[in-house]
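First the proteins, then the strands, lettered A, B, ... as listed; each starts at 1. Predicted model only: the values in this text are computed from it and were never measured.
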Protein chains: 2
Amino acid sequence: MVTTSEAEALEQHPELADLCPMPDIAKLIGGKWKLIILQILIFKGTKRFNELRRMIPGVTQTMLTNQLRALERDKLVTRKVYAEVPPKVEYTATQRALDLEEMFHAMHNWWLRAGD
Amino acid sequence: MVTTSEAEALEQHPELADLCPMPDIAKLIGGKWKLIILQILIFKGTKRFNELRRMIPGVTQTMLTNQLRALERDKLVTRKVYAEVPPKVEYTATQRALDLEEMFHAMHNWWLRAGD
DNA sequence: GATCATAGTCTCGAAAAAGATACTGAAGAT
DNA sequence: ATCTTCAGTATCTTTTTCGAGACTATGATC
(Lines give C-alpha, C1' and ligand atoms only; values in the text may rest on other atoms or scores of the structure.)
Protein backbone atom coordinates (compact mmCIF):
# COMPACT_ATOMS: atom_id res chain seq x y z
CA MET A 1 0.00 0.00 0.00
CA VAL A 2 1.35 3.41 -0.94
CA THR A 3 0.92 6.00 1.78
CA THR A 4 2.33 9.47 2.18
CA SER A 5 5.17 10.12 4.59
CA GLU A 6 5.22 13.13 6.86
CA ALA A 7 8.02 14.67 4.79
CA GLU A 8 6.19 14.20 1.50
CA ALA A 9 2.97 15.62 2.90
CA LEU A 10 4.72 18.77 4.10
CA GLU A 11 6.64 19.13 0.86
CA GLN A 12 3.53 18.97 -1.26
CA HIS A 13 1.38 20.96 1.17
CA PRO A 14 3.60 23.40 3.06
CA GLU A 15 0.55 25.12 4.54
CA LEU A 16 0.03 22.08 6.75
CA ALA A 17 2.97 23.16 8.89
CA ASP A 18 0.85 25.48 11.04
CA LEU A 19 -1.65 22.79 12.01
CA CYS A 20 -0.87 21.16 15.30
CA PRO A 21 0.09 17.51 15.31
CA MET A 22 -2.98 15.49 16.23
CA PRO A 23 -1.15 12.17 16.47
CA ASP A 24 1.14 13.58 19.16
CA ILE A 25 -1.80 15.03 21.05
CA ALA A 26 -3.68 11.76 20.77
CA LYS A 27 -0.80 9.98 22.44
CA LEU A 28 -1.22 12.19 25.49
CA ILE A 29 -4.98 12.48 25.82
CA GLY A 30 -6.37 9.90 23.39
CA GLY A 31 -8.08 6.65 24.20
CA LYS A 32 -11.31 5.76 25.91
CA TRP A 33 -10.63 6.96 29.45
CA LYS A 34 -8.02 9.72 29.63
CA LEU A 35 -10.31 12.65 28.90
CA ILE A 36 -12.87 11.42 31.43
CA ILE A 37 -10.22 11.07 34.11
CA LEU A 38 -8.69 14.46 33.37
CA GLN A 39 -12.09 16.15 33.28
CA ILE A 40 -12.84 14.94 36.79
CA LEU A 41 -9.42 15.78 38.24
CA ILE A 42 -9.40 19.21 36.58
CA PHE A 43 -12.94 20.30 37.46
CA LYS A 44 -13.59 18.34 40.64
CA GLY A 45 -10.13 18.34 42.17
CA THR A 46 -7.99 15.65 43.73
CA LYS A 47 -9.52 12.17 44.00
CA ARG A 48 -8.58 8.81 45.44
CA PHE A 49 -8.31 5.73 43.27
CA ASN A 50 -11.58 4.11 44.21
CA GLU A 51 -13.35 7.43 44.18
CA LEU A 52 -12.42 7.81 40.54
CA ARG A 53 -13.45 4.25 39.91
CA ARG A 54 -16.93 4.89 41.25
CA MET A 55 -17.26 8.12 39.32
CA ILE A 56 -16.40 6.58 35.97
CA PRO A 57 -19.07 4.18 34.75
CA GLY A 58 -17.73 1.02 33.20
CA VAL A 59 -14.06 1.46 33.96
CA THR A 60 -12.19 -1.53 35.37
CA GLN A 61 -9.42 -1.41 37.95
CA THR A 62 -6.96 -2.57 35.34
CA MET A 63 -7.77 0.17 32.87
CA LEU A 64 -7.94 2.88 35.49
CA THR A 65 -4.49 1.91 36.75
CA ASN A 66 -3.04 1.78 33.23
CA GLN A 67 -4.42 5.14 32.22
CA LEU A 68 -3.40 6.85 35.44
CA ARG A 69 0.12 5.49 35.04
CA ALA A 70 0.28 6.80 31.48
CA LEU A 71 -1.01 10.21 32.56
CA GLU A 72 1.57 10.27 35.32
CA ARG A 73 4.37 9.47 32.87
CA ASP A 74 3.21 12.34 30.68
CA LYS A 75 3.15 14.71 33.66
CA LEU A 76 -0.58 15.29 33.52
CA VAL A 77 -1.34 13.89 36.95
CA THR A 78 0.62 13.42 40.15
CA ARG A 79 0.25 10.43 42.42
CA LYS A 80 0.57 10.69 46.17
CA VAL A 81 0.73 7.56 48.29
CA TYR A 82 -0.06 7.70 52.01
CA ALA A 83 1.62 5.10 54.21
CA GLU A 84 -1.65 3.99 55.81
CA VAL A 85 -3.71 0.87 56.12
CA PRO A 86 -5.94 0.50 54.22
CA PRO A 87 -3.90 2.14 51.46
CA LYS A 88 -4.66 5.67 50.37
CA VAL A 89 -3.55 7.07 47.04
CA GLU A 90 -4.52 10.46 45.71
CA TYR A 91 -4.42 11.69 42.13
CA THR A 92 -4.17 15.35 41.25
CA ALA A 93 -4.13 17.23 37.94
CA THR A 94 -0.85 19.02 37.24
CA GLN A 95 -0.63 22.58 35.91
CA ARG A 96 -0.10 21.14 32.47
CA ALA A 97 -3.44 19.34 32.78
CA LEU A 98 -5.16 22.37 34.29
CA ASP A 99 -4.15 24.26 31.16
CA LEU A 100 -6.54 21.98 29.28
CA GLU A 101 -9.48 23.72 30.95
CA GLU A 102 -9.97 26.06 28.01
CA MET A 103 -10.15 23.12 25.62
CA PHE A 104 -12.70 21.37 27.78
CA HIS A 105 -14.82 24.50 27.87
CA ALA A 106 -14.68 24.83 24.10
CA MET A 107 -15.68 21.19 23.80
CA HIS A 108 -18.53 21.67 26.21
CA ASN A 109 -19.84 24.71 24.35
CA TRP A 110 -19.69 22.84 21.09
CA TRP A 111 -21.56 19.93 22.59
CA LEU A 112 -24.30 22.19 23.91
CA ARG A 113 -24.65 23.93 20.57
CA ALA A 114 -24.59 20.70 18.60
CA GLY A 115 -27.04 18.96 20.89
CA ASP A 116 -30.18 20.64 19.54
CA MET B 1 -16.05 -7.59 37.45
CA VAL B 2 -18.02 -5.00 39.39
CA THR B 3 -18.22 -1.66 37.65
CA THR B 4 -20.32 1.41 38.30
CA SER B 5 -23.33 2.12 36.12
CA GLU B 6 -24.08 5.59 34.84
CA ALA B 7 -27.06 5.83 37.21
CA GLU B 8 -25.04 4.80 40.25
CA ALA B 9 -22.24 7.20 39.43
CA LEU B 10 -24.65 10.15 39.17
CA GLU B 11 -26.47 9.11 42.32
CA GLN B 12 -23.31 8.97 44.39
CA HIS B 13 -21.72 11.99 42.70
CA PRO B 14 -24.47 14.38 41.57
CA GLU B 15 -21.88 17.07 40.79
CA LEU B 16 -20.84 15.01 37.77
CA ALA B 17 -24.03 16.03 35.98
CA ASP B 18 -22.52 19.29 34.70
CA LEU B 19 -19.54 17.61 33.03
CA CYS B 20 -20.10 16.94 29.38
CA PRO B 21 -20.25 13.33 28.25
CA MET B 22 -16.85 12.37 26.86
CA PRO B 23 -17.96 8.96 25.55
CA ASP B 24 -20.58 10.63 23.35
CA ILE B 25 -18.06 13.16 22.08
CA ALA B 26 -15.53 10.43 21.43
CA LYS B 27 -18.03 8.66 19.21
CA LEU B 28 -18.16 11.73 16.98
CA ILE B 29 -14.55 12.88 16.88
CA GLY B 30 -12.57 10.06 18.48
CA GLY B 31 -10.20 7.65 16.80
CA LYS B 32 -6.96 8.00 14.98
CA TRP B 33 -8.03 9.99 11.91
CA LYS B 34 -11.13 12.08 12.49
CA LEU B 35 -9.49 15.07 14.14
CA ILE B 36 -6.82 15.21 11.45
CA ILE B 37 -9.41 15.13 8.69
CA LEU B 38 -11.60 17.74 10.36
CA GLN B 39 -8.62 19.98 11.06
CA ILE B 40 -7.76 20.08 7.37
CA LEU B 41 -11.31 20.57 6.14
CA ILE B 42 -12.00 23.27 8.74
CA PHE B 43 -8.80 25.29 8.35
CA LYS B 44 -7.85 24.55 4.76
CA GLY B 45 -11.29 24.26 3.17
CA THR B 46 -12.87 21.77 0.81
CA LYS B 47 -10.66 18.95 -0.43
CA ARG B 48 -10.92 16.04 -2.83
CA PHE B 49 -10.45 12.46 -1.71
CA ASN B 50 -6.94 11.93 -3.00
CA GLU B 51 -5.92 15.39 -1.93
CA LEU B 52 -6.78 14.46 1.65
CA ARG B 53 -5.01 11.16 1.21
CA ARG B 54 -1.78 12.88 0.24
CA MET B 55 -2.09 15.41 3.05
CA ILE B 56 -2.48 12.80 5.77
CA PRO B 57 0.67 10.76 6.32
CA GLY B 58 0.05 7.07 6.76
CA VAL B 59 -3.66 6.95 6.06
CA THR B 60 -4.90 4.19 3.76
CA GLN B 61 -7.74 4.47 1.25
CA THR B 62 -9.82 2.11 3.32
CA MET B 63 -9.50 4.09 6.53
CA LEU B 64 -9.99 7.42 4.84
CA THR B 65 -13.19 6.16 3.25
CA ASN B 66 -14.47 4.71 6.53
CA GLN B 67 -13.77 7.82 8.54
CA LEU B 68 -15.24 10.16 5.94
CA ARG B 69 -18.37 8.02 5.81
CA ALA B 70 -18.68 8.15 9.59
CA LEU B 71 -18.18 11.91 9.63
CA GLU B 72 -20.81 12.24 6.94
CA ARG B 73 -23.29 10.18 8.96
CA ASP B 74 -22.68 12.46 11.93
CA LYS B 75 -23.21 15.56 9.78
CA LEU B 76 -19.69 16.85 10.22
CA VAL B 77 -18.77 16.73 6.54
CA THR B 78 -20.70 16.82 3.30
CA ARG B 79 -19.78 14.80 0.26
CA LYS B 80 -20.25 16.09 -3.25
CA VAL B 81 -19.85 13.75 -6.19
CA TYR B 82 -19.25 15.14 -9.67
CA ALA B 83 -20.44 13.03 -12.59
CA GLU B 84 -17.09 13.10 -14.35
CA VAL B 85 -14.44 10.71 -15.51
CA PRO B 86 -12.11 10.27 -13.76
CA PRO B 87 -14.30 10.55 -10.67
CA LYS B 88 -14.25 13.70 -8.57
CA VAL B 89 -15.54 13.82 -5.03
CA GLU B 90 -15.26 16.79 -2.73
CA TYR B 91 -15.48 16.86 1.03
CA THR B 92 -16.46 19.96 2.98
CA ALA B 93 -16.80 20.72 6.69
CA THR B 94 -20.36 21.50 7.79
CA GLN B 95 -21.23 24.36 10.10
CA ARG B 96 -21.36 21.89 12.95
CA ALA B 97 -17.74 20.99 12.21
CA LEU B 98 -16.73 24.63 11.73
CA ASP B 99 -18.00 25.26 15.27
CA LEU B 100 -15.12 23.07 16.45
CA GLU B 101 -12.67 25.80 15.46
CA GLU B 102 -12.57 27.20 18.98
CA MET B 103 -11.73 23.78 20.39
CA PHE B 104 -8.93 23.33 17.88
CA HIS B 105 -7.48 26.70 18.81
CA ALA B 106 -7.60 25.83 22.51
CA MET B 107 -5.87 22.56 21.74
CA HIS B 108 -3.24 24.30 19.67
CA ASN B 109 -2.54 26.86 22.39
CA TRP B 110 -2.20 24.10 24.93
CA TRP B 111 0.18 22.24 22.70
CA LEU B 112 2.35 25.30 22.17
CA ARG B 113 2.46 26.00 25.89
CA ALA B 114 3.13 22.38 26.79
CA GLY B 115 5.79 21.93 24.15
CA ASP B 116 8.62 23.64 25.99
C1' DG C 1 -1.51 -1.17 -26.54
C1' DA C 2 0.03 -0.28 -21.94
C1' DT C 3 -0.19 2.84 -18.23
C1' DC C 4 -2.01 6.38 -15.16
C1' DA C 5 -5.44 8.77 -12.37
C1' DT C 6 -9.71 8.88 -9.78
C1' DA C 7 -12.58 7.14 -5.86
C1' DG C 8 -13.78 3.84 -4.31
C1' DT C 9 -15.23 -1.76 -2.58
C1' DC C 10 -14.18 -6.35 -0.78
C1' DT C 11 -11.77 -9.71 1.84
C1' DC C 12 -8.44 -11.18 4.97
C1' DG C 13 -5.24 -10.76 8.70
C1' DA C 14 -2.46 -8.29 12.27
C1' DA C 15 -2.02 -5.28 15.97
C1' DA C 16 -3.64 -2.58 19.59
C1' DA C 17 -6.88 -1.52 23.00
C1' DA C 18 -9.87 -2.99 26.31
C1' DG C 19 -11.87 -6.24 29.55
C1' DA C 20 -12.43 -10.43 32.76
C1' DT C 21 -10.73 -12.87 36.45
C1' DA C 22 -7.99 -14.21 40.20
C1' DC C 23 -4.78 -12.85 43.59
C1' DT C 24 -2.31 -9.87 47.39
C1' DG C 25 -2.09 -8.16 52.62
C1' DA C 26 -3.29 -5.76 56.64
C1' DA C 27 -6.83 -3.42 59.40
C1' DG C 28 -11.51 -2.63 60.88
C1' DA C 29 -16.34 -3.94 61.20
C1' DT C 30 -20.01 -7.56 61.84
C1' DA D 1 -14.20 -16.27 62.18
C1' DT D 2 -15.55 -14.15 58.14
C1' DC D 3 -16.34 -10.09 55.31
C1' DT D 4 -15.18 -5.68 53.47
C1' DT D 5 -12.09 -1.84 52.06
C1' DC D 6 -8.15 -0.14 49.73
C1' DA D 7 -5.02 0.00 45.68
C1' DG D 8 -3.25 -2.36 43.21
C1' DT D 9 -0.56 -6.76 39.96
C1' DA D 10 -0.47 -10.68 36.74
C1' DT D 11 -2.33 -13.32 33.19
C1' DC D 12 -5.46 -14.43 29.73
C1' DT D 13 -9.16 -13.57 26.39
C1' DT D 14 -12.13 -10.73 23.69
C1' DT D 15 -13.24 -6.82 20.99
C1' DT D 16 -12.16 -3.10 18.23
C1' DT D 17 -9.36 -0.83 15.25
C1' DC D 18 -6.27 -0.62 11.69
C1' DG D 19 -4.01 -1.96 7.45
C1' DA D 20 -2.46 -4.63 3.08
C1' DG D 21 -3.64 -6.09 -1.28
C1' DA D 22 -6.42 -7.07 -5.11
C1' DC D 23 -10.21 -5.57 -7.85
C1' DT D 24 -13.61 -2.15 -10.39
C1' DA D 25 -14.80 1.50 -14.33
C1' DT D 26 -13.77 5.05 -17.59
C1' DG D 27 -11.25 8.26 -20.18
C1' DA D 28 -6.91 10.52 -21.28
C1' DT D 29 -2.11 10.18 -22.08
C1' DC D 30 2.44 8.16 -23.82
Side-chain angles (χ1 to χ4, degrees), chain A residues 1-6 8 12 22-37 40-41 46-74 77-92, chain B residues 1-6 8 12 22-23 26-37 40-41 46-74 77-92:
Chain A
M1 157 87 353
V2 183
T3 56
T4 315
S5 75
E6 181 109 14
E8 278 176 290
Q12 287 171 38
M22 287 303 148
D24 295 352
I25 288 181
K27 274 182 195 113
L28 295 183
I29 57 176
K32 192 169 173 181
W33 303 110
K34 285 183 181 174
L35 282 180
I36 307 182
I37 296 169
I40 293 176
L41 295 180
T46 298
K47 298 288 168 210
R48 297 179 60 172
F49 183 83
N50 272 355
E51 238 176 330
L52 277 175
R53 198 158 81 81
R54 281 189 291 266
M55 292 171 98
I56 302 176
V59 78
T60 60
Q61 280 182 321
T62 318
M63 287 310 296
L64 189 51
T65 302
N66 288 348
Q67 301 306 300
L68 284 168
R69 290 287 186 282
L71 290 170
E72 203 192 352
R73 273 196 300 278
D74 294 331
V77 309
T78 55
R79 180 167 177 270
K80 184 165 184 190
V81 184
Y82 293 83
E84 298 177 7
V85 167
K88 178 177 171 183
V89 180
E90 283 183 347
Y91 291 93
T92 307
Chain B
M1 158 87 353
V2 182
T3 55
T4 316
S5 74
E6 181 109 15
E8 278 176 290
Q12 288 172 38
M22 286 303 147
K27 274 181 195 115
L28 296 183
I29 56 175
K32 190 169 173 181
W33 304 109
K34 285 182 182 175
L35 282 180
I36 307 181
I37 296 169
I40 293 175
L41 296 181
T46 299
K47 296 290 170 210
R48 298 180 61 173
F49 183 83
N50 271 355
E51 235 176 332
L52 278 175
R53 199 158 80 80
R54 281 189 291 266
M55 290 170 98
I56 302 176
V59 77
T60 60
Q61 277 183 322
T62 318
M63 286 311 295
L64 189 52
T65 303
N66 288 349
Q67 301 305 301
L68 285 168
R69 290 286 185 283
L71 290 170
E72 202 192 352
R73 273 196 301 279
D74 293 331
V77 310
T78 54
R79 180 167 177 269
K80 184 166 183 189
V81 183
Y82 293 83
E84 298 177 6
V85 166
K88 178 177 172 184
V89 180
E90 282 182 349
Y91 291 92
T92 307

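Considering only side-chain atoms of A/T65, the nucleotide from D/dT9, D/dG19, D/dC6 that sits closest is D/dT9. Of the candidates D/dT5, C/dA7, D/dA20, D/dT5 carries the atom nearest the A/P86 side chain, counting heavy atoms from C-beta on. Closest approach to the B/V85 side chain among D/dT11, D/dT26, C/dA27 is made by D/dT26 (side chain taken as heavy atoms from C-beta onward). In the set C/dA20, D/dG19, D/dC6, the nucleotide with an atom closest to the side chain of A/T62 is C/dA20.
In this structure, B/Q67 atom CD and D/dT17 atom C1' are separated by 9 Å, rounded to whole Å. When rounded to the nearest whole Å, the span between CD of B/E51 and P of C/dA7 equals 9 Å.
With hydrogens and angles ignored, the 3.5 Å screen pairs a side-chain donor or acceptor of A/K34 with a backbone N or O of A/K27.
Using a 4.0 Å heavy-atom distance criterion, B/Y91 is classed as a sugar-phosphate-only contact.
Checking A/N66 against A/R69 by side-chain atom types alone, no donor-acceptor pair falls below 3.5 Å.
OP1 or OP2 of C/dA5 has not a single side-chain nitrogen or oxygen of B/K88 nearer than 4.0 Å. Not one side-chain nitrogen or oxygen of B/K32 sits closer than 4.0 Å to the OP1 or OP2 atom of C/dA17.
Between A/R79 and A/V2, the residue anchored closer to the 5' end of DNA chain D is A/R79, taking for each the nucleotide with the nearest heavy atom. Two residues, A/T60 and B/F49, neighbour DNA chain C, and the one matched to the more 5' nucleotide by heavy-atom proximity is B/F49.
For the pair A/V89 and A/R79, the minimum side-chain heavy-atom distance is below 4.5 Å.
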